[in-house]
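Model, not experiment: these values are computed from the prediction.
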Amino acid sequence: MRTLTTRELALLLFLTLAWGLNWPVMKLGVADYPPLAFRALSIWLGVPVLGLALVVMKVPFRVPRSAWPELVWLGATNMFIWHACIILAVKALSGGRTAILGYTMPVFSAIIGAVLFSAVLTRRSWIGVGACAIGVGLLLWHELTDLAGRPGYVALALVAAATWALGTQLLRHTRIGLPTLTLSFWMTAMTAVVMTVLTLLFERSQWRWPGPVTWASILYNAVLIFGFAHAAWFYLARGLPPVASTLSVMFIPVLGVFSGAVWLGEVVHWQDWVAVALMMVAIASVLWPSRSAAKA
């Protein structure tokens, strides 16, 4: 399993910070605002940022007609379902630990890769997946009672994670020969349309002008999440081995929990600290150079 390049490592570090801190940011943003409308506004404001990146980097916008069916399917599995389900879960469940449910994705990804794509997992990969699963369980330790009362929203978060895992695998195996930034732009633009339709159908009576905190959260999401993080993730997911790309982001829910403790007053327990250690084991198991790689 190859090691990360300097560029990939830099993207991963920035991605971890942006996504990890976004969980309490989203919780604050949807506290008194309809969640689907929040998501639609964030994406629409993020699309021009991403489009500007394509112009500056001289990346083509054009997608061949034959590639659109697969691109729509990639958008559905990587973004449509994830963003609709997870923002509803953020509204109903505790901020930091909603991230934990969402980041069960690596476990689903390992299973989907083995079942659907005949992926062969090394011993180190299984150690990483196991450490990830135990860490998620520990992070949820004190949430089980509360989550039991909201099974529908827990299910939404898990559906989001499983669908995102499938999308990551599909992106890795895509036959579309276009730059990742082009795919990211069009998936984001399509998601903006989908979120707009959903908020029109289900939240129109709740629409109002966002307050200052909500606007700050929307702008954070527009610039850092939809203008940068998704494109960075798609680049990593498309270029790295599936297990490496998925487990490499496992520090994000840990950051979500601890930033939630600072900003939202959520209590941090000893299980959270043990989970941090396990997440580090999971990341190291797939990113630390093997002996054979080091010798090479």
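A distance-only check finds a donor-acceptor pair linking the side chain of Thr191 to the backbone of Met187 [under 3.5 Å]. Panel note: side chain Arg238, backbone Arg172; no donor-acceptor pair is recorded below 3.5 Å. A side-chain donor-acceptor contact under 3.5 Å links Tyr220 to the backbone of Ala18. In this structure, Thr163 contributes its side chain and Val159 its backbone to a donor-acceptor pair below 3.5 Å. The backbone N or O of Leu170 sits nowhere less than 3.5 Å from a side-chain atom of Thr174 that would complete a donor-acceptor pair. Side-chain N or O atoms of Asn221 include one that pairs as donor or acceptor with a backbone N or O of Ser217 at under 3.5 Å. Side-chain atoms of Thr199 do not come within 3.5 Å of backbone N or O of Met195 as any donor-acceptor pair. A donor-acceptor pair is defined here as one N or O able to donate and one able to accept, closer than 3.5 Å; such a pair exists between the side chain of Thr182 and the backbone of Pro60. Formation of a donor-acceptor pair under 3.5 Å by the Glu8 side chain with backbone atoms of Leu236 is not found in this model. For Glu70 (side chain) and Arg175 (main-chain N/O), a donor-acceptor pair under 3.5 Å exists by modelled atom type.
The CG atom of Leu12 sits 9.5 Å away from the CG atom of Leu17 when rounded to the nearest 0.5 Å. We find the NZ-OG1 distance between Lys91 and Thr98 to be 12.5 Å, quoted to the nearest 0.5 Å. Rounding to the nearest 0.5 angstrom, the gap separating the CG atom in Leu36 from the CG atom in Leu200 is 10.5 Å. The distance from atom CZ of Phe185 to atom CG of Leu50, rounded to the nearest 0.5 Å, is 6.5 Å. To the nearest 0.5 Å, atoms CG (Leu181) and CG (Leu54) are separated by 4.0 Å. A distance of 7.0 Å separates CG in Leu166 from CG in Leu116, rounded to the nearest 0.5 Å.
In this structure, the ring of Trp209 has its center less than 6.0 angstrom from the ring center of Trp215.
When the side chains of ILVMFWY residues are joined at heavy-atom separations under 4.5 Å, either directly or via intervening members, Leu52 and Leu45 end up in two distinct hydrophobic clusters. Val56 and Phe234 fall into different hydrophobic clusters, where Ile, Leu, Val, Met, Phe, Trp and Tyr side chains are chained together by heavy-atom contacts under 4.5 Å. In the hydrophobic clustering of ILVMFWY residues, with side-chain heavy atoms under 4.5 Å counting as a link, Ile225 and Val49 come out apart. Taken together through direct or relayed side-chain contacts under 4.5 Å among Ile, Leu, Val, Met, Phe, Trp and Tyr, Ile81 and Leu158 form parts of separate hydrophobic clusters. Residues Ile86 and Val197 are members of one and the same hydrophobic cluster, defined by side-chain heavy-atom contacts under 4.5 angstrom among Ile, Leu, Val, Met, Phe, Trp and Tyr.
Of all non-hydrogen atoms in Leu198 and Ala84, the two that sit nearest each other are CD1-CB, 3.9 Å. Shown here for Tyr235 and Thr180, the closest heavy-atom pair between the two residues is N-CG2, 3.5 Å. Shown here for Ala229 and Leu15, the closest heavy-atom pair between the two residues is O-CD1, 3.3 Å. Nearest approach of Pro210 to Leu41, heavy atoms of both residues: CG-CD1, 4.1 Å. Between Trp263 and Leu21, the shortest heavy-atom distance links the atoms CZ3-O, 3.6 Å. Annotation for Gly20 and Leu255: closest pair CA-CD2, 3.8 Å, computed over non-hydrogen atoms.
Side-chain contact between Ile218 and Trp44 is absent, with no heavy atoms from C-beta onward closer than 4.5 Å. Residues Leu183 and Ile176 form a side-chain contact, since some pair of their non-hydrogen atoms from C-beta on lies under 4.5 Å apart. You'll find the side chain of Leu178 reaches within 4.5 Å of the side chain of Pro64, heavy atoms only.
The number of heavy atoms from other shown groups lying within 6.0 Å of CZ (Phe202) does not exceed 12. In this structure, Trp73 places its CH2 atom where only 12 or fewer heavy-atom neighbours from other residues, nucleotides or ligands lie under 6.0 Å away.
Evaluation of the salt bridge (Lys or Arg N to Asp or Glu O under 4.0 Å) rule for Glu203 yields no partner, not counting sequence neighbours. Checked against side chain to side chain donor-acceptor pair (under 3.5 Å), Thr214 has no partners two or more places apart in sequence or in another chain.
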List the steps, then state whether side-chain contact (heavy atoms from CB on, under 4.5 Å) holds for Trp233 with Thr168.
CA-CA 10 Å; Trp233 165 250; Thr168 298; 3.7 Å; yes
Between Val30 and Val90, is the side-chain contact (heavy atoms from CB on, under 4.5 Å) condition met? List the steps.
CA-CA 8 Å; Val30 301; Val90 167; 4.1 Å; yes
Checking side-chain contact (heavy atoms from CB on, under 4.5 Å) for the pair Trp23/Ser259: CA distance, chi angles, key distance, verdict?
CA-CA 8 Å; Trp23 292 94; Ser259 60; 5.7 Å; no
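Below 30°, between 30° and 60°, or above 60°: for His83 and His230 the angle between ring planes is above 60°, a perpendicular geometry. In this structure, His173 and Phe117 have parallel ring planes: the angle between them is below the 30° cut-off, well short of the 60° mark.
Screening Phe80, Trp82, Phe108 against Trp164 for a ring pair (Phe, Tyr, Trp, His ring centres under 6.0 Å) leaves a single residue, Trp82.
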